[in-house]
Novice: 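Sharing a structure, written as structure tokens. Questions coming.
Just so we're on the same page: letters track the sequence lines, and every chain starts at 1.
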Protein chains: 2
Amino acid sequence: MNSFTEENYLKAIFKLSSKNSGGVSTNSIAESLNTKASSVTDMIKKLSDKKLVNYKKYQGVNLTKKGKEIAVSIIRNHRLWEVFLVEKLNFKWDEVHDLAEDLEHIKSKKLTDQLDAFLEFPKYDPHGDPIPDKDGNINRHQDITLADLKKKEQGVVVGVKEHSKSYLNYLENTNLVLGSEIKVTDIIDFDKSMTITVNKKQEVNISNQASKNLIIKKL
Amino acid sequence: MNSFTEENYLKAIFKLSSKNSGGVSTNSIAESLNTKASSVTDMIKKLSDKKLVNYKKYQGVNLTKKGKEIAVSIIRNHRLWEVFLVEKLNFKWDEVHDLAEDLEHIKSKKLTDQLDAFLEFPKYDPHGDPIPDKDGNINRHQDITLADLKKKEQGVVVGVKEHSKSYLNYLENTNLVLGSEIKVTDIIDFDKSMTITVNKKQEVNISNQASKNLIIKKL
DNA sequence: TATTACTTTTAGACTAATCTAAAAATATAT
DNA sequence: ATATATTTTTAGATTAGTCTAAAAGTAATA
Ligand SMILES: [Mn+2]
Ligand SMILES: [Mn+2]
Ligand SMILES: [Mn+2]
Ligand SMILES: [Mn+2]
């Protein structure tokens, strides 16, 4: 089968290709995996030999159908494990990502599907990211962030685009968790920072850096 | 930290040293890990440099305190995951070992301890093997097997010494699972095969090969 | 004790994944 | 279009873990 390393490359390519269209660049893969471009080129050749990516020198890569399937199944594993850790083992949402990075590579269809059933087929992980179903279908939610809201508009927090401990911690401390209701009360033109009301009670100031990473469903 | 490979060596050495006393031989490690003696020698040197084993050329190895702690913690992980798979995810006892071999290497004290709590601190795994507690204490049960019983003696199945799918399957088909009550009704002197009564109902013939792998608590 | 058998270690080679430094290709800017 | 900057690939090394074949050490046997 495929090594953990190969799987991590496939996952990275999958995520990068959903961001921008066209082939995924060597450098962007290197950056997202904290490795060097030369290492990426080597691995791409291997994945190409295995028919998991389409690759022409200097043109970037794209996943094949098979490559995409593997990537999605790993993401499915990752997000199911995150749900398990939070729902069943009392982990906080800022503690689960690194563990899920390891758990996602345990390859067993039965394990994944039984875990899914045990968790009662969750649709979203603890960060609001959609969980691919058994057949690999993903329900992406639209990409509206708090930064896109105008003054007086309202919304509900449905996800985060940034998964760092420090960001998640900051959110929790300001009560900006999944399901929180938000109303924009003011926007400073200079730096795009906002004043918002959380759950009709709390008034909070939030920087543009922070608001553009908070995924919102408009009300 | 230590690689999966290093951890598997430590676990193998731990299990082998509890079998026979004295240093564990290179060949026995090689056999139990399906590898070659030369590979074992290389790895032993590395573990010795890391102070996880004591080693003198040609004299076999023994785990240091630290090496033993690591081995026990991996065994703890392994057995807890097996319980999880059987109790929560509806796996059969003959399906869990290989998955646990992978899961045991996920290193997180919090994960292990929370899993333990979630499973309500089980004392034994699905094969009757004792689960080390948080501090590494193991409750080994005595090593009486069905083959040690005499005619008319009775006992309860509390574990298995052989974990192969084929053996576990055979046991299940003859109702010889954990908790089954057994009475020896006859022993053939020639090949040590037995006739036994299972749960006061079923009469079964069992070979010496099979009976000496079934751990029993005498009644 | 000498010879033979077995076990263990060493020497040298291979693969996967990585790196640095240099060369080649592509993109950007005058 | 030419020069410059950036990106990507190649060349060559390194490290972990493994292997085969041969050498060295230990054990068993006559
Ligand atoms: Mn994650
Ligand atoms: Mn997540
Ligand atoms: Mn097992
Ligand atoms: Mn077991």
Novice: Which whole-number value in Å describes the distance from A:Leu33 CG to C:dC19 P?
Specialist: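 Distance, rounded to whole Å: 10 Å.
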
Novice: Generate the contact string for nucleotides 8-13 of chain D. Rules: B means base contact, S means sugar-phosphate contact only, - means no protein heavy atom under 4.0 Å.
Specialist: BBB---

Novice: Check DNA chain D against residues 5-15 of chain A and give the residues with a non-hydrogen atom under 4.0 Å, in numerical order.
Specialist: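 Within this stretch, nothing sits under 4.0 Å of the strand.
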
Novice: How would you list, by chain and number, every residue that makes a ring pair (Phe, Tyr, Trp, His ring centres under 6.0 Å) with A:Phe4, sequence neighbours excluded?
Specialist: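 A:His105.
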
Novice: Is there a side-chain contact between B:Leu99 and A:Ile106 (heavy atoms, below 4.5 Å)?
Specialist: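 A side-chain contact under 4.5 Å exists here.
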
Novice: To the nearest angstrom, how far is B:Phe4 atom CZ from D:dT18 atom P?
Specialist: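 Distance check: B:Phe4 CZ to D:dT18 P gives 14 Å.
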
Novice: Whether B:Lys110 and A:Glu95 form a salt bridge (side-chain N of Lys/Arg under 4.0 Å from carboxylate O of Asp/Glu) is what I want to check.
Specialist: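 Looking at A:Glu95 and B:Lys110, the cut-off is met.
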
Novice: Only pairs under 3.5 Å count here: list side-chain donor-acceptor contacts from residues 35-44 of chain A, not counting sequence neighbours, and write none if there are none.
Specialist:
residue	atom	partner	partner atom	Å
A:Thr41	OG1	A:Ala37	O	3.2

Novice: Could you check, using the six-membered ring where one of them is a Trp, whether A:His97 and A:His127 have ring centers closer than 6.0 angstrom?
Specialist: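 Aromatic pair excluded; centres sit 6.0 Å or further apart.
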
Novice: For the pair made of CE in A:Met43 and P in C:dC19, what is the distance, rounded to whole Å?
Specialist: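 One finds 11 Å between P of C:dC19 and CE of A:Met43, rounded.
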
Novice: What do you reckon, are the aromatic ring centroids of A:Phe14 and A:Tyr9 less than 6.0 Å apart?
Specialist: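 No, ring centres 6.0 Å or more apart.
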
Novice: Starting from C1' on C:dA16, measure out to CG on A:Asp49 and report it in whole angstrom.
Specialist: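 So the two atoms are 14 Å apart, to the nearest Å.
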
Novice: Quick one: salt bridge (charged side-chain N to carboxylate O under 4.0 Å, His left out) pairs with a partner in residues 62-74 of chain B, sequence neighbours left out?
Specialist: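 Qualifying pairs, neighbours excluded: B:Lys65-B:Glu69.
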
Novice: Enumerate the salt bridge (charged side-chain N to carboxylate O under 4.0 Å, His left out) contacts for residues 130-144 of chain B, please, sequence neighbours excluded, ordered by first and then second residue.
Specialist: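 Output for this query lists B:Asp143-B:Lys161.
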
